[in-house]
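Below is one structure, written out as structure tokens; the observations come after it.
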Amino acid sequence: MRAIGLMKHGGPEVLELIEVPEVKAEADEILVQVFCAAINPTDILARNGGIAERQKPYDPPYVPGMDISGKVVEIGENVKTDLKEGDAVMAMVIPNGQHGAYREQIALKSGAVVPIPDGVSFEEACTLPMNGLTAKLSLELLNLNHGDKLAVTGSPGAYGGYIIQIAKTLGLYVIADTSEKDQKLVKSLGADLLLPRGEKFLKHILERFPEGVDGLADGALLNEKAVPAVKHGGSFTAVRGYQGTGEREINFTQTWVRTQDCMCEKLDDLRKLVNAKKISLRLADTFSPSQVSAAHKRFEGGGVRGRLVIKFY
């Protein structure tokens, strides 16, 4: 069976087409024929060694990837589900050795797999699970109330975009960072107030809201540079482990999406939001498995608005 893996950490060129053993569904698993896998920032860090210290030791090759869409091939004998063989599904994958999304088939615990949204392509569907669950978790951790002010950094990205759109379903007032070229996109996502990105973002927030905002989701990894924008007793969540120092009684949390593995109810909630046109799926481009190095190189070049997707079919 084909997969995309790496024998050693490095640049995009270390990714290669490899053969991995066929898999079958265990009693509590669903086997999925992978049609599409999205490329995410975590995949880049897994490839270049940026998160090697957090990964379990493995024997090469390592197969990255956290997002799939495809069709059900086999359902384990103990699985209770409304899904049937041939159904179109999506899932978040927690990579472990050769168990990553960049492969033609993968067996997953049944709680990880849900139907794709109505009327969307496999390419679009695979852009939702990991980033959507990350955004949903961030908002749960921020624990804001209807009408509260939420600041979002990295707004044009997949995580930032989902944060904005889900936040609006919760009745939050959203302040988003953006460059001039991304203003139309970020506004279309539903942001209430657009402010310049980077360190200017903090300055402009405090000019308009001298006490600070109720919560901040830091998709741009500004970390300590963004903390002054949060009011005393407010909430701050980071996506790469920044912990803060507890200043001004701010509730600092870390958004680790791995904790959301097999939470099919939450992923299905996101599917329903897509069906209700509350969340938009943003597909930037598609690549064949043989083009994955070029895809990673393009992603690392920045400026991609939406997700790059590997097509296995």
Side-chain angles (χ1 to χ4, degrees), residues 40-42 44-45 48 50-51 131 134-135 137-144 147-168 170 172-257 282 284 298-307:
N40 286 292
T42 304
I44 305 301
L45 294 172
N48 66 22
I51 57 173
N131 284 286
T134 305
L137 175 60
S138 286
L139 287 165
E140 290 171 1
L141 292 170
L142 288 168
N143 193 29
L144 301 177
D148 281 352
K149 298 178 180 64
L150 168 68
V152 181
T153 71
S155 297
Y159 166 78
Y162 287 141
I163 282 275
I164 294 170
Q165 292 188 303
I166 299 171
K168 293 310 299 176
L170 301 174
L172 301 180
Y173 181 90
V174 179
I175 304 120
D177 69 342
T178 182
S179 63
E180 188 172 337
K181 68 177 182 179
D182 287 323
Q183 284 185 355
K184 184 177 179 179
L185 165 63
V186 177
K187 188 67 176 178
S188 73
L189 295 171
D192 298 285
L193 176 63
L194 308 184
L195 297 176
R197 62 186 295 185
E199 295 187 20
K200 292 180 180 179
F201 187 55
L202 168 64
K203 174 177 176 290
H204 284 282
I205 284 179
L206 293 176
E207 285 177 353
R208 288 165 173 78
F209 311 104
E211 294 183 0
V213 295
D214 300 287
L216 189 145
D218 187 23
L221 311 182
L222 297 181
N223 297 334
E224 68 279 356
K225 295 178 182 177
V227 173
V230 181
K231 72 177 187 181
H232 182 98
S235 299
F236 183 109
T237 195
V239 294
R240 291 283 170 81
Y242 175 71
Q243 298 183 12
T245 59
E247 60 265 42
R248 296 185 289 113
E249 298 183 17
I250 292 172
N251 177 35
F252 288 96
T253 58
Q254 297 79 47
T255 301
W256 296 116
V257 75
R282 292 156 55 200
R298 179 173 164 187
F299 189 90
E300 287 184 280
V304 177
R305 297 298 178 247
R307 277 289 168 257

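Index from 1, following the sequence.
Pairing each heavy atom of P228 with each of L206, the nearest pair is O-CD2, 3.6 Å. Contact record, L150 with A167: CD2-CB, 3.7 Å, taken as the closest heavy-atom pair. Taking each heavy atom of I166 and A135 in turn, the nearest pair found is CD1-CB, 4.1 Å. Heavy-atom minimum distance, A229 versus L202: N-CD1, 3.3 Å. Residues P41 and R307 come closest through the heavy atom pair CD-NH2, 3.5 Å. The shortest non-hydrogen separation linking V304 to A284 is CG1-CB, 3.7 Å.
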Exercise for the section: With side-chain hydrogen bond (donor to acceptor under 3.5 Å, both in side chains) as the test, would you mind laying out the steps for Y159 and T255 before giving the verdict? Expected result: CA-CA 11 Å; Y159 166 78; T255 301; 4.6 Å; no
Practice task
Report the C-alpha separation of Y173 and V213 in whole Å, then their side-chain angles, then the decisive distance to 0.1 Å, and conclude whether the side chain to side chain contact (heavy atoms under 4.5 Å, CB included) test is met.
Solution key: CA-CA 10 Å; Y173 181 90; V213 295; over 6 Å; no
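Ion pairing of K203 with E199 is absent here, as no side-chain N (NZ or NE/NH1/NH2) approaches a carboxylate O to less than 4.0 Å. Taking the charged nitrogens against the carboxylate oxygens, D192 and K168 do have a contact shorter than 4.0 Å, which makes a salt bridge.
Looking only at distances, no side-chain donor or acceptor of D214 sits under 3.5 Å from a matching main-chain atom of K231. Of the possible donor and acceptor atoms, one in the side chain of R248 sits under 3.5 Å from a partner among the backbone N and O of V230. Checked by atom type and distance alone, the side chain of D148 never pairs as donor or acceptor with a backbone atom of L172 at under 3.5 Å. In this structure, D218 contributes its side chain and A238 its backbone to no donor-acceptor pair below 3.5 Å. Remark: the backbone N or O of G50 is paired with a side-chain donor or acceptor of N48 at under 3.5 angstrom. A donor-acceptor contact shorter than 3.5 Å links the side chain of R282 to the backbone of G157.
A distance of 5.5 Å separates NZ of K181 from CZ of R305, quoted to the nearest 0.5 Å. Note that the CZ atom of F236 and the CG atom of L216 stand 5.5 Å from one another [nearest 0.5 Å]. Once rounded to the nearest 0.5 Å, the distance linking CD1 of I175 with OG1 of T153 reads 12.5 Å. Taking CG from L189 and NZ from K187, the interatomic distance works out to 11.0 Å, rounded to the nearest 0.5 Å. Here R197 contributes atom CZ and D182 contributes atom CG; the two are 7.0 Å apart, rounded to the nearest 0.5 Å. Here the straight-line distance linking atom CG of L222 with atom CZ of F201 works out to 8.5 Å at 0.5 Å rounding.
Enclosure of atom CD in E180 is not indicated, since only 12 or fewer non-hydrogen atoms of other residues, nucleotides or ligands lie within 6.0 angstrom. By the neighbour-count criterion of 12 heavy atoms within 6.0 Å, atom CD of E211 is sparsely surrounded, having that number or fewer from other residues, nucleotides or ligands.
Note on ring orientation: taking the six-membered ring where Trp is involved, the planes of F252 and Y242 are perpendicular (angle over 60°, cut-offs 30° and 60°).
A 4.5 Å side-chain heavy-atom check between L195 and R208 finds at least one atom pair inside the cut-off. For the pair S155 and I164, the minimum side-chain heavy-atom distance is below 4.5 Å. P156 places a side-chain heavy atom less than 4.5 Å from the side chain of L185.
A side chain to side chain contact (heavy atoms under 4.5 Å, CB included) with L139 holds for exactly one of T134, T237, L144, I163; it is I163.
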